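Here the structure is laid out as structure tokens; the discussion comes afterwards.
In this text, all values refer to a predicted model and were calculated from it rather than measured experimentally. Reckoned from all heavy atoms, side chains included, excluding hydrogens, waters and symmetry mates. So you know, we letter chains A, B, ... as the sequences are listed, proteins then strands, and number each from 1.
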2 protein chains.
Amino acid sequence: MERRGTSRKRDEAAFLAEYDASRYPRPSLTVDVALIQVEQGRIRSLVRKRGGHPELGKWGLPGGFVRPDESLDEAAARVLREKTGWMRVFLEQLYTFGRVDRDPRTRVVTVAYYALVDAGRLIKAEDSAMQTEWAELVVPWDGERGGTVDCRSADGHRLPLAFDHAEILGMAVRRLRGKLPYAPIGFELLPRRFTLRALQDIHEAILGHTVNKDAFRRRLLASGLISATGVRETGVGHRPAELYRFARGDRETKS
Amino acid sequence: MERRGTSRKRDEAAFLAEYDASRYPRPSLTVDVALIQVEQGRIRSLVRKRGGHPELGKWGLPGGFVRPDESLDEAAARVLREKTGWMRVFLEQLYTFGRVDRDPRTRVVTVAYYALVDAGRLIKAEDSAMQTEWAELVVPWDGERGGTVDCRSADGHRLPLAFDHAEILGMAVRRLRGKLPYAPIGFELLPRRFTLRALQDIHEAILGHTVNKDAFRRRLLASGLISATGVRETGVGHRPAELYRFARGDRETKS
DNA sequence: TGACTTATATGCGTGTAGGATATATGCTCT
DNA sequence: AGAGCATATATCCTACACGCATATAAGTCA
């Protein structure tokens, strides 16, 4: 077997030289990024009003075609960077959507990602030509059942979503609800230092129901995931809570 | 806004007529299916020895190109049907792999699926020209940390895997370990009627560690997911255990 | 018939979650 | 400055699930 190594390698090289990728039809491949933040008990996602066809006038997630020389993760990070200017943000693959007619142009398969950012973060690469909103996500189902979600602008009216993006955002919420109880992702939605109450608010907004305050505090303090800073919040009109920080991984990268 | 509906529709039709999908480079898109079963405390996956280039002689998961007229789910179901003859099997999207150089031919992105079947099931569409094995998965990491896995044949020697299939199988194990404790998927790996011990063996094989027997029984009986059949197993050399069946969903589809 | 093996039932100690209550602390208003 | 207020933080109690141990049941096998 090993003896035939070189000749097999030559065979493979010949095969590769003759290989014609266009022999099989290929769909277009894109990445879309569901950018999620939580503010004042509401889950919000960044959507942009489409200025061109198809689905002109509807709202869509930031996205783009996958280039030949970049991996899927790299494509998602590039899209995020191009549209927001952000570099070191929690970014994870979500699900791949491939319904045949999901895009009227041609067959387009999209690999959806989701990103988590704290609500205080400002978009650096603002594209003034494009209307952008942090739309509130209205989730019409309980638990991890899944389904589509609605988007509402700050002043309450509905923002119609392009393509299957309502489905993508629904999947993002479902994933968050599933991971939140055991994965350290709530911290990604908060600034470097935060109160336990703020973290609890994040959890309640995502899960869609209240959680027991005492148990939440106990579990978190016992987890070792956070450490007290010795500093307290100020100017809150009541007893100030201690500020904590995420203890694992380096969050030094955040502003 | 609504007034301009028809003219906007005409604009979009014109746009679509002129759209040229080949303007952007497109990768090839495939689906790969990690077919999983558990027998005698070992996780196994169906692999086939590649008879052609590239990666000739290595072992790979069943897979194929996504056709223009089928969704990703349909493509995965078709691949499963073509290679095994099975129709109604648990099949779920796993993850999409898109490293630039994962396939030496050209840029190929693959949407990986995993399927769960009971160990008694026989392959109906056996391709005698192709060497096929239910290879044992050796998982060199704990919990849900993730990573690649090794494949071993029944007689113990290592089966080298093609492309990034060791990574795909690792992701499948990781997903199973994550879902098993709270999702009713263990039943998919068992025949219609089974003993609690058999279900526990499945769990232990997947999780990679033993579980407490009493707590396992209590939790499962209290869950309402299974119901007793009143029938007992026979010929086991000790007190026979009661046979249970999965109580939710219709498992009538199974043989 | 008796030894053996595993299933099944029961009881107990412990740890965690949920819930209620009490105290602490900074802000605001008078 | 001091009272009132709202929320953080601490303590205690109860219910329940889990791990563990023990006892009994029901088959096979020598």
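Among the nucleotides C:dA20, D:dT9, C:dT8, the one closest to any side-chain atom of B:Lys213 is C:dT8. Distances from the side chain of B:Arg239 to the nucleotides C:dA20, D:dT9, D:dA26 place D:dA26 closest. Looking at the side chain of B:Arg218, the nearest of the listed nucleotides D:dC18, D:dA25, D:dA10 is D:dC18. Listed nucleotides: C:dT8, C:dG19, D:dC18. Nearest to the side chain of A:Asn212: C:dG19.
Summarising the geometry, the separation between CG on B:Asp214 and P on C:dT6 is reported as 15 Å, rounded to the nearest angstrom. Taking atom CZ of residue A:Arg219 and atom P of nucleotide C:dT16, one finds them 12 Å apart after rounding to whole Å. Counting to the nearest Å, the C1' atom of C:dG18 and the CD atom of A:Gln200 are 13 Å from each other. A:Arg217 places its CZ atom 17 Å from the P atom of C:dG19, with the value rounded to the nearest Å. Going from atom CD of B:Glu242 over to atom P of D:dG27 covers 12 Å, rounded to whole Å. Here C:dT5 presents its C1' atom at 7 Å from NE2 of B:His238, a figure rounded to the nearest Å. Computed from coordinates, the A:Glu233 CD to D:dA6 P distance equals 16 Å when rounded to whole Å. Atom-to-atom, OH of A:Tyr244 to P of D:dA8 comes out at 11 Å; the value is rounded to the nearest Å.
Map A:Phe216 and B:Arg232 each onto its nearest nucleotide of DNA chain C; the residue landing nearer the 5' end is B:Arg232.
Side-chain contact between B:Thr148 and B:Leu161: absent, with no pair of heavy atoms (C-beta onward) separated by less than 4.5 Å.
Aromatic ring pairs are classed by plane angle as parallel below 30°, tilted from 30° to 60° and perpendicular above 60°; the pair A:Phe163 and A:His165 is tilted. By the 30° and 60° cut-offs, the orientation of the rings of A:Phe187 relative to A:Phe194 is tilted.
With respect to A:Tyr113, the side chain to side chain contact (heavy atoms under 4.5 Å, CB included) criterion is satisfied by exactly one of A:Leu94, A:Leu72, A:Asp32, A:Leu80: A:Leu72. Exactly one residue among A:Ile202, A:Leu190, A:Leu176 makes a side chain to side chain contact (heavy atoms under 4.5 Å, CB included) with A:Leu116. That residue is A:Leu176.
As judged by a 4.0 angstrom heavy-atom cut-off over every strand, B:Arg197 is placed among residues touching the sugar-phosphate backbone only.
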